[in-house]
Every structure is written in C-alpha cells, then in structure tokens.
Amino acid sequence: MNADFTAEELKFQKEVQDFLKAEFPQDIKHKVDNGIRLEKDDFVRWQKILYKKGWVAPNWPVEYGGTGWTPTQKYIFAMEMGLYGAMEPVAFGVKMVAPVIYSYGNEEQKKRFLPDILASNVWWCQGYSEPNSGSDLASLKTTAVRDGDHYVVNGTKTWTTLGQYADWIFCLVRTDSTAKKQEGISFLLIDMKTPGIKVSPIYLLDDEPEVNEVHFDNVRVPVENLIGEENQGWTYAKVLLTHERTNIAQVPNSKLKLRKLRDLAANTPDGFGGSLLNNTVFARKLAEVEIQVLALEYAELRTLAAVSVGKAPGPESSILKVVGTEATQFIDELYMEVAAYHSLPHIPEQFAEGFDGDRVGKGSLANSSNVYFNNRKKSIYGGSNEIQKNIISKAVLGL
Amino acid sequence: MNADFTAEELKFQKEVQDFLKAEFPQDIKHKVDNGIRLEKDDFVRWQKILYKKGWVAPNWPVEYGGTGWTPTQKYIFAMEMGLYGAMEPVAFGVKMVAPVIYSYGNEEQKKRFLPDILASNVWWCQGYSEPNSGSDLASLKTTAVRDGDHYVVNGTKTWTTLGQYADWIFCLVRTDSTAKKQEGISFLLIDMKTPGIKVSPIYLLDDEPEVNEVHFDNVRVPVENLIGEENQGWTYAKVLLTHERTNIAQVPNSKLKLRKLRDLAANTPDGFGGSLLNNTVFARKLAEVEIQVLALEYAELRTLAAVSVGKAPGPESSILKVVGTEATQFIDELYMEVAAYHSLPHIPEQFAEGFDGDRVGKGSLANSSNVYFNNRKKSIYGGSNEIQKNIISKAVLGL
Amino acid sequence: MDFSYSDEQQMLQDSVQKFVYSQYDFDTRRKIIKTDTGFSAEYWSLFAELGWLTVPFKEEDGGFGGSAVDLMVVMEEFGKGMVVEPFLATAVLGGGLISELGSAAQKEAMLSAVMEGSLQLATAYAEPDSRYNLASVGTSAKKDGASYVINGNKVLVLNGPAANKLLVVARTSGEKFDRDGISVFVVDASASGISKREYTAVDGHRAAEVQFNDVKVSADSLLGAEGKALTALERVIDRAALAVSAEAVGAMDCLLKKTVEYTKTRKQFGVAIGTFQALQHRMSEMFIECQLARSIVIMAAMKLDTTASDAEKAKAVAAAKARVGRAMRKVGQESVQLHGGIACTDELDVGHYFKRVTTIENLFGNTDYQLVRYASL
Amino acid sequence: MDFSYSDEQQMLQDSVQKFVYSQYDFDTRRKIIKTDTGFSAEYWSLFAELGWLTVPFKEEDGGFGGSAVDLMVVMEEFGKGMVVEPFLATAVLGGGLISELGSAAQKEAMLSAVMEGSLQLATAYAEPDSRYNLASVGTSAKKDGASYVINGNKVLVLNGPAANKLLVVARTSGEKFDRDGISVFVVDASASGISKREYTAVDGHRAAEVQFNDVKVSADSLLGAEGKALTALERVIDRAALAVSAEAVGAMDCLLKKTVEYTKTRKQFGVAIGTFQALQHRMSEMFIECQLARSIVIMAAMKLDTTASDAEKAKAVAAAKARVGRAMRKVGQESVQLHGGIACTDELDVGHYFKRVTTIENLFGNTDYQLVRYASL
C-alpha cells in the first residue's frame, strides 16, 4: 500500500497540466471561473480539442478510441481536468450510449456512431425516464411497434437533459407489453430530426430550460437502429447505468468548488472585523465537508483499485452516488452561507455570455441560491439516493 | 395568547419553591447535585413528605387524592420540582398502575391499592415487556390460566425497572390464546411475595442492576386481583401508555441538566487559555440544544393547553417522546464533551453513598459516559422512537 | 398562560386565510410576480381596506394594536400563500422604524399613509461588508448646515424598486462597528444622487442594491435622536425576523401537507410511495420539525408581547429564527426530495415554497448567526 | 498508488485475525477484564512471540518496519476483538516516544524489552486542565544538580496501573502554553513521590491518574534534548490517533455485521425487523459510514508512510480522526438503537463495542477538536 505516484505518473500529471494550460480555451475558462453559463458550442469546441489529443474517452476500449491508460492515469486525468475547471465531454454520448454501442451494437452500428461521438460531431441525449416512471424506470410506457422495416414509436420521455441541442436520442422503449415489465424493453437509437418528435422545455428551479420533455407521435425508426436483440434493452441499460456511475462521486469538481469557496470565505467579511474563514463555526463546517470529500476520494480510489484487479464495480459504488451528491449539495449550502444577502438575487442575465451591466455580488455568489436549487436534482436523478440505499441494503447487506 | 403567569400562579410558584427549599431533604439534594445514586429509601422518604403536603399525584382525580390543579399549576409544579432536582414519585405506582386502578378497578381494589400508592407504602413495578415481545408488546406470551379462585401464571417479564425493590407488580398476561393477539390479554396485579416468583437482575451498560427479569413459575394469583374484565387488558394498557407519556418530554430535567452543564463549561478550560463556554463551536452546540428544549417546552405546553380545553392528548404527543429523549441524549453527549478524558473512568463506588476516596473528575463528569450509555435506553423504551414515528405517520399524517 | 387566540385574532386569521385560499392561488401569484412591479396594487388596496396594514401598529398610532402575536397570525397565513405584496418591507420594517423613532409629526405624516396603502417604504440597512451585524455601518451622513449628506452602498433593500421613501441607516459619528453614532433618515426615493440596481429575488420578491452619492437631505428627515438609532433598528429587525419565522411556519405546513398528499398518490413499483416506511419516518420527522418551529415562534411572539427586557426578547427571537432555520432547511429539502424530479421544476408550487423558506433562512441573520447570537445574549 | 497489502502485511493480518477469532471471543475477553491486572500476561507473551510487539518499530531499532499501514492492519483486527492488552500504551505511545527521542543507549535498554514483552510502559501527558492541547503542560521538571524534580498531576494515563516505567511529559522551561520547553522523562513506576489513582475505564481498559510530588529523576532519564520534545510527542499522539481510528474501523465493521444479522433474525409483528425499509436505510447509512471511515484511515496511514511534511501528516490524521469520530457516533448509536433493549445490557457484546468506540472518540482529541485543528493546519 502506498500513496505516491511513480515517476511516470508524475510525468503524465505534468503532461495533463501543460496540455490544459495550453489548450483549454481562455474564453471558456473565463466562463467557468465566473460561473457564466456554457453554451453548446463551448462543449463541442473543447471536445474537439480533446479529440485531437486522443483524450476524449479514457474508459473506451483502445480499438474504438480509448486511451489505454492505467486506473491511476485515469484518476490523474480526471482530477487535473476537474481542478482546472475543464469540462468532461458531455456524458450522453461518450459515457452513456457509446458503451452500449461498443458492447452490444453490431459492427455496422459501431462504425456508424462511435467515431462521431468521439469527434463530437453528433450530440446525444437520453430517453429513459417518463412522467410516470421515475425511480421505477422499468415501468416505462413508450411503445415501439414493429411495422415492416420500422418501429413506430409513441410516448413521452422526460428529464431529457440538454435535449434541445441533441441530434440523436437513445431510448428505452416497450416492444412487448405482454412480458414482465423488465423483459419487454428494447434499446433504440432515434434521429431527432425524424418527423413526429417534439421537444418542449421544462424550466427548473433556477428558471433555466436545462431539461426537456420529448414527445414521440408515430415516429418511424428504422429497425437497424435497434441495439442488440429485441426485448433485451433492460439488460443493456443496466450495464449503462453502471458506466453512468463513473465519476458520479464528482470529487474533482467538489475539490475545485471547495478551493474557490475557501478563497471566497477568506475575502468575505464576517461583519465583525474578521473574515468568514477565520470564523471558527464556519471553518469547522468547511473542514467537515473537505474531509468528507477526501474520504469520498479514497472510497472511489479503492473502488477503482478493486476494478483494476478484475472485480466488477459492485453495488458498493452506490455509496459514491449518495455521498458525492450530498457533498455537492452541502458545498452549495456553504456558498449560500458565504453569499449571505447576495445569495438571494435571481439575475440570470448576469451569468450569460457578454453581460456588461452592474454586477451584484462577488464572483458567482449572486447565483449561489440558483445553483443550490438546481443541484437538488442530484440526489434524485441517476437512481435516487433512496434507490441507492435500497440497493445497498439488498445487494450488499443482504437485507 | 400570553406568556405571563397570573398573580395567583406566581404565588403558587413561590409556594412550591418555598416548600422545596424547606422540605426536600438536604442529604438527598446533596446526592442529586453530585450525581450520587439514589436508593429506595430516598424515594420513599421524599414521597412521604410530598404525601403529607398532598402533592404526590397532581393528575389523579381529586376524590382519590389528586390536587385539582389547573394545567398551568401542574406545569409550574413539575418545572419547579425538576429545576430544584427533586425527584418525581416513582412512576410505576403513581403514574402507571394507579390510573388503571381508578379508571377500571372496582371499589374494593381502589380502596385496597390507591392509598398505599399515594403514601408510598407499597412499591410497584411493571410487568409488560417480555424477552421476545419488545416493540410488539401485544405478542406477549406469559399465560394466566384460571384454576378455581386463582389464575396460575407462567412466563417471564423483562426490563422490569427497580423490580428488585417491588412489593407488587402489574402484569399483562394472556388469558385467551385462541383470540387475536390484542384480544386475549388481561391486566393482573400480583404480590411479589407469592411463591414461584424469581427476580434476576440485568446489568445495563453502566454496570448497574437497574432492570430485572421476573420469572413466574406456577404463580397462583387470586382472581380478585384481575382489573376490569378478563381479556380486556390491552384496552386498559393503552390508556396507561398515554399516561406514561406525561412528562415524557422531560423538560424540567433537561433544563436543570443544561443549567449545570453551562456552569461546568464555564469552569472547564478549553486547553488554550479560555473556557469551553467561550469556545464558539461548543457554545453553538449548547445553544442548539437549549433552543431545542425551549421549543419542546412550548410544544408540550401547547399539548397541555389542548388537553385543558377538553381535547385528548393525541398522537401528536409522540413528538414529545421522540424529541424529549433525543434532547436528553444529546445533552449527555455534551457532558461527555465537557468531561473529555474524564468521561472515561468507570468508578461506580465514587457515585455511591458515603464514598470518601480520591475523586476523579469534577462533579459528576467522571460518570458522564455511564449516564450516556444508560440513557440510550430512552429512545428504545416506552414505545421506541421508531414506533412513535410509525404512530405519527399513520395516526397524524394518515399514511 | 394562554395559547388561544382572542376573538379579534381569530377573525384576523379567518380573514387572511379566506383571502389566500380564494384569491391567492399559485397561478394568480405566478402572474403577479411577472408584472412590472411584482405585486398587485389591487390586492395592496384590499389589504389596506381590510385593515391588515394596521396590524403592526400600536393603537395610539392608529393601528390594530401592534402585538407580535397579531403579526404572527397574519404572516403565517401569508406564508401559506407565499404572498409577495410588500407588507414586511412597508409595514413591519419601514413602518416599524417610524413607529419606534418618529416624532409625532413624522408618524402623523407617514404612518397613516402606510396604513391607508398610499405610501410604500423600504429600509436600506444592510451593506456589502456588514453581513448580519447591524452595527457595521459604513454609509455616512455628514452634517452640512441644516442638511445631511449621505454616501454609501446598501444591499438587499427589500421593496427598493417600488418604495416611495427609503429609510436609510447611516453613520453620523463614530467608527464602523460602534453601536453609537447610527442614525436613520427618511429619504425620498426620487432624491438626487440615489441610484438603484433593481432585481427580482429567487423567491419572486423585488429588491434593489442602492447607492447614495452625495444625497442631500434636510435635518427634519432624521428619525429620532442623532446617533441613537441602533437599539430601535435591532428591535425592528427582530420583529421582522419573527414575522418571517411565522411566515415560514405557514409555508412549511403547506410543504408537509403537499408532500404527504403527493406520496399518497404517486405510485412506484405498483404502490403509493407513501407506503414506504423509510419515507413515512422522514415525513414524521418533517412533522416534528413543523411542530417545533410553530412552538418556538409562538414562544417568541408571546415573549415580545411581555414586558421582558430587550435582551430577553432578542434572545427569544434568536432562538426562534435559529430553530425555524433548521426546520426550514430540513422540511424544504425533504419536500423536494420526496416529490422527486417534479419538485425541481418551476411548474410545481413546492419548489417555490422551497425557494421562499431558503430566502427566509438568509434574511435577518441565518441559523448559525442566530445560534451564536443566542449564546452571547 | 497501490491499495493492496504486501505479503508480509497479509500474513500479519491473517495471524492477528486468527488469534482474535479463535482465542479472543467475547467471554474470554470478559474474563480477562475481570482479572486483577485487566489483561492477559499469557496473551502478552504470545503477542511478543508472534512478533506483533515489533510492528510499530523501525527495522534499525529491531522492529518489523514501523509503517503506519502495518499498524493499521494490526489495530483493525484488535478492534474486532476489542483486545484490551496494552499494545497501544506500551508499543505505540511509550515505545513511540522512545523511538522518536531516545538515544541509542536508551533504545537499546528499553525497546528490545518492549518487543520481548518484558517491559510495560505508560505515557503521562494529559493534565486536568490541558484538554487536547499537548502544549498545555503545567507539570514541571526543575533541574537540581544532576537531577530533575518533577511536580504535577496527570490524567488518563493508559496502562498506568501495570506499567513498569512512566514516560512523563513535563515543562523544563517556559510558560504553560509555550511550544518550547517541553521535555519527556522516563521514570520508574515505583519511584518515590509517585501516587496513582488507578481505575478501570468504561471500555475495560486500565488507566490511572498520577500525581508527581517532588519525584527526583537522574539527568539520564531525560529523553532527547531538553525542552524540545513537543513535535515528537505530537507525532506519537497522531500515530496513536491513527491506530485507534483503525481499531474503530474494525469495531464498526463488527457492529454493522452484528446489527444486520440481528435484524434478520429478530421478529416483531410477525416479520424480521430487517425487512422494515426505515431500518434498511439506516443500516445502509451505517455501511456508508463504515466505508468512508475505512477509506480515510487508509488515506491517513498511507500519508504517514510518505515523505510529506509534519503539517501534512498531522492534517491527514486530524481528518481521519474527525471523520472516524463522526462515523463511530453514528454507527455506535444506531447499532444500539436497532438492537433495542438487549444492546443496553452488559451481557451482549454490542454494548461493549459501543463503549469502546465512544472511548476512542474521546482519546487524542475528539471530533470537534480535530475539525478545528484540521482547519488551522
């Protein structure tokens, strides 16, 4: 057991740092540092730079474009990206649909879809949840009925993040309504330009249209867009859910947020002549969450280490989801606490590109409540934290 | 709505204070103030003094020896008693069996038992729980089989607090094993001197034999000791459980403990030249629990006020149990925190009457862990806090 | 000791409750928030007509009586409707300062206008550096002949956009943290040298950051004795803290009720999620929080209506605000969590209650501030 | 970065695990605690024989290697058995100070005896007023010719009753809170002027309060340079804090396992209580606490074995002790609550694990102390 990086690992770390400093676009960095909303183009542009470097998809098999890194290298890469504020590629393509395609798709599908995902030529979104399914995902009702060489899709998907930008959507659809609920589900790729698809925005608590409802009205999807076998979609989706859990702990991001928070607190008067950081009650809380993130980091490293010696990422990884999201949410609370009165304004234009009016509050503090509100979703989506606790009690504790 | 006492109430408060100062025995007060264990005689002696004054049982109907006080007077009395450190009469007689006797007993039983309870001539204990019943009280298995003019009782009762001192025990026994579990239970009074009864101590985490198992081996109990009707015992017991909840919030006691804690913290160095009370982190926690007890006090007062205008103490009073026990337990944690290293010794003899060796730790700090360990029972007994939450969710929220 | 409402209080409660229930549903509120002013002038007139704007004021000032319990009754019902009309800013904060500090002439001139609904007020006290310390005043008011000249920046001026007059807390002498030397001035919102950065807060209420650049005011705009305003300001802010705590009690009751109802109807895995014991226990804990919050707000309101010392009253309010703060966080977060995704949308009222209680926690001293303040009193 | 045990570590773990499993069941422990000395001399010899007493020591001192990870391996298994033999007091604390500060001759004279099992040590550092601040030393050691004369009171001297030698932290110069001027002396337990108030702690371990009244020791009993002992003492106490944190990880694993097993068999209302979702979620949370505690202890142990600065190492230990502290409280309390009454009795092992983790939280700085310390480092 030892915590040191090898000389090669240190060299690699330096390489990542240098790359980020040289290649992460200044204007995007400015946005990230100041809490300004990122647009589609920012994500695409940055992913194309990563693509040029060959660093889009560390977890993919090398044959499809993966990096072939060791677990430690992957950890270093994710950590340096996160600490620098560089975004990960949007997950829906790289982390979510791609593993299903390269694991269960046919050669034709791999060739057709994977390169465009890697190169950020196509924007994907996810069609899993439905208005009435929620945590009980397998109860989904969107149907796909075979009609010659097509499936005819009808139904509504919801919580479709950034669906307004998407070229393609991957969906779970019901192809056999007589089977048990998990057994009649198929995995279908759908071109968003197909007639009959309508996207309507859902405004979240920060008043941003981050997610959408996607309605399917007799949408005709070629059968070659089916992944694997009909009615086996649930099996594939479960694998995808495991991949989705990678970096669900969000340690690099939390560390960056904590670092910024510490700076902000050091520069925030406590109202009595000192700084908030020197206020013991605040400092104690900050310490508590810093330590929580540290414990989480090592819990994640231990999981990765277990995976690297061939163990599957077990249900234990549910704790990464629970603890990671709760840590994020607690950090959000501390931002509001630093912001105090300045946590209350709702001035979205101040956090849009090109704003040059009077600013309220230091840095992104005037957006701290909105961030807090928005991030309440984290303990709900991706398998709610209650579902994760069910998984732990059943699959780990055997209750 | 107003928070002021009337002139009469203030006069009554003064009367209680004067009475306590004059009549609460100095030697018992010394024990209470220094955390020295109280013996049976202490309880009996003090109750006899209360008896002389007519103040043993404020909640009893006047005809049996109650005081006829208004709810505010009862509140004042309980608060002054608690703040002075004067013990309430042991609950098993006055608060637990007596209400069942005067509500459901016959005239003969009332005459036979109530005066001795009031005068502290007879020590009662409770025979409800059994090794396998726990929170599912109605699953009890101790049987009472009719045999002529007697019931023959067999089985084991447990968690019988101070049973080693008891002259009598009131028991729930199964008289019909064919009925539904709640419907075959009877309420029986049993003389502890009856042949076939064996009391064995159970040592709790503080190593004290506070509770006992009581074994019944063909114990013959005269039928005239049955309260009310055969197989109706569960109904009576439920009423008793409501009475048991009186002062379950333990506000006066918590207030006294907090007051002492504040003094101790003021006189405890924080190791850096200040006092623990001036340590903001500690002071904040102390404030939190003081405020919790204050909120609890008003929650209890609101319940009492509702009762006084004729409303039954509803399932809402479950919150008094939950919050009251948790507050006590949290205060115990703060005592350990003040005690620091001195929370660890286990020196029971130091807290027994007449100890004159070297003392370890200030006041009763060297017993703080034992108090903490012992009081973990509070969230378990009297209907565990989990049961209380079940009650709230079913009976209050309708879930 | 008496926990029942007087007949007048009962009537007041019925009246506000009826209004909220029948005229202030969630859609109506949503429309009001989206108007230019962010509140309904029509409803404001109705509030005046029904006498609600007189509630915070003493009888000798022409008010309903000014008891804290009365105020609690109104605010709790407002909390249930998430009422955005500037009752707090105008009648409790601004009106409160005039009532505490004003001369007979000033009261005559302004309080009746407030109670009639024709005068809107805003109080500019918080500063970028002050956090919750009311004595931390950097804004200066310098005597200049028969006038004062005010310079400084104020933040979170509630009702700043609509107010006709601003009550400005400024330092007339002393150093930044001195308790002495703090004064309050009544300034016309249109006075020269005032610039406002107006905004909508996350809870839909309107506020502004206000800059004072050489704003000249006459000596008679001074409220009370020069440099002696702090204790009155503290009393008024505490009364406002109690008011929003009572509002929170109303809001939390709605959150709990809505959450319980939702879990009874929302089905997952073939059953209503309200049948899951883990959720039942959490709702029981929400209920406990609601009950304790209500209890301690009643405690503080009753305490303010006694003849207790200022320190005792401040301690009672600190306790209430701190305890309600803890309850709000728990009840707010759990309501959203138990509803799931739907409560994360702008569409459902639950998220808006959550925003309002979150705002309340940050107003007039957050939980930790009040805990430490309680400990120091 | 490597999270696997070396072969030696794996063998060490197997060896201790096997001992605890086969020779240290709950009844055996109970009997050991009730003996006069409160530990088993036979087992102590066995520890020496199996080489476990060499684990905390460097190879150059004749030890196993002295890595923090090795120590973690042993302590975790000890935690599962609630081993009461004075390994911590003798080998980690006392032996650690000698290893840090001792001259070659002192090490020669004492460390081999410790590793052979023939010398028992105790460290007298905490004082009635010191709380967790190691620099707060009121006990004085005054030079008197070729001797020092020690006066003062020490509390919670672990293994105080059985120790042959006491390592006494005393001030040779400076004021009470100065970091400079703190020295360590090795004093014979039978030296004249020492009086002990011996007791059993709530967790069954033995300790003493020790008074030093004009205790005269020769100059060669000084360990290291006069007045320069504090940083070494801090390192040793941190190592002990890491050791008990690892012990807690073992104890918590047992608590969780026993609680899960119990709820699977204990029936109420006709079903095993482990089927109640509210309890399932609470056990899931206990599992999370156990995993986070284990993770952060591994972090701290690995950090101690690097070449990081003293401050970084101290910060890692503070983090671990604080986080484990929070976990212990939750896992301990929940284990008792979920077991119900039976866990409140002396009879069941659960209560004893609970006592031990409660004790550990109070040793070497409790949770809040470590959090504030972490923030200051």
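The chains referred to below are lettered A, B, ... by the order of the sequence lines, with proteins before strands, and numbering in each begins at 1.
- Within the model, atoms CZ of Phe177(D) and CZ of Phe272(B) stand 8.5 Å from one another, a figure rounded to the nearest 0.5 Å.
- Among Gly271(B), Gly134(B), Ala339(B), the residue with the largest count of heavy-atom pairs under 4.5 Å with chain D is Gly271(B).
- Chain D forms more heavy-atom pairs under 4.5 Å with one residue of Ala340(B), Gly273(B), Ala366(B), Gly357(B) than with any other, namely Ala340(B).
- In terms of non-hydrogen atom pairs under 4.5 Å with chain D, the most contact-rich of Gly361(B), Pro131(B), Ala138(B), Pro269(B) is Pro269(B).
- Proximity to chain D (any heavy atom under 4.5 Å) is restricted, for Ile387(B), to the side chain, taken from C-beta onward.
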Return one line per donor-acceptor pair between chain B and chain D under 3.5 Å, naming both atoms and the distance rounded to 0.1 Å.
unit_1: Pro131(B); atom_1: O; unit_2: Arg266(D); atom_2: NH1; d: 3.2
unit_1: Ser133(B); atom_1: O; unit_2: Gln268(D); atom_2: NE2; d: 2.6
unit_1: Ser135(B); atom_1: N; unit_2: Gln268(D); atom_2: OE1; d: 2.6
unit_1: Asp136(B); atom_1: N; unit_2: Gln268(D); atom_2: OE1; d: 2.9
unit_1: Asp136(B); atom_1: OD2; unit_2: Phe269(D); atom_2: N; d: 2.7
unit_1: Tyr203(B); atom_1: O; unit_2: Asp346(D); atom_2: N; d: 2.7
unit_1: Leu205(B); atom_1: N; unit_2: Cys344(D); atom_2: O; d: 2.9
unit_1: Leu205(B); atom_1: O; unit_2: Lys355(D); atom_2: NZ; d: 2.5
unit_1: Gly271(B); atom_1: O; unit_2: Asn133(D); atom_2: ND2; d: 2.8
unit_1: Lys285(B); atom_1: NZ; unit_2: Asp368(D); atom_2: OD2; d: 2.5
unit_1: Glu333(B); atom_1: OE1; unit_2: Arg329(D); atom_2: NH1; d: 2.3
unit_1: Glu333(B); atom_1: OE2; unit_2: Gln333(D); atom_2: NE2; d: 2.7
unit_1: Glu337(B); atom_1: O; unit_2: Arg131(D); atom_2: NH1; d: 3.1
unit_1: Glu337(B); atom_1: O; unit_2: Arg131(D); atom_2: NH2; d: 2.6
unit_1: Val338(B); atom_1: O; unit_2: Arg131(D); atom_2: NH1; d: 3.2
unit_1: His342(B); atom_1: NE2; unit_2: Glu209(D); atom_2: OE2; d: 2.5
unit_1: Ser343(B); atom_1: OG; unit_2: Asn362(D); atom_2: ND2; d: 3.3
unit_1: Leu344(B); atom_1: O; unit_2: Val202(D); atom_2: N; d: 2.8
unit_1: His346(B); atom_1: N; unit_2: Thr200(D); atom_2: O; d: 2.9
unit_1: Asp358(B); atom_1: O; unit_2: Arg197(D); atom_2: NE; d: 2.9
unit_1: Asp358(B); atom_1: O; unit_2: Arg197(D); atom_2: NH2; d: 3.3
unit_1: Tyr372(B); atom_1: OH; unit_2: Gln333(D); atom_2: NE2; d: 2.8
unit_1: Ser379(B); atom_1: O; unit_2: Gln337(D); atom_2: NE2; d: 2.9
unit_1: Ser379(B); atom_1: OG; unit_2: Gln337(D); atom_2: OE1; d: 2.6
unit_1: Glu386(B); atom_1: OE1; unit_2: Gln337(D); atom_2: NE2; d: 3.0
unit_1: Glu386(B); atom_1: OE2; unit_2: Arg282(D); atom_2: NH1; d: 2.8
unit_1: Glu386(B); atom_1: OE2; unit_2: Arg282(D); atom_2: NH2; d: 2.9
unit_1: Glu386(B); atom_1: OE2; unit_2: Gln337(D); atom_2: NE2; d: 3.3

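- Contact tally against chain B (heavy-atom pairs below 4.5 Å) for Ala135(D), Pro128(D), Cys344(D): the top residue is Cys344(D).
- Both the backbone and the side chain of Leu205(B) have a heavy atom closer than 4.5 Å to some heavy atom of chain D.
- Scanning for side-chain contact (heavy atoms from CB on, under 4.5 Å) contacts around Ala91(B) gives Lys95(B), Met96(B), with sequence neighbours left out.
- Neither the backbone nor the side chain of Leu134(D) comes within contact range of chain B, judged by heavy atoms closer than 4.5 Å.
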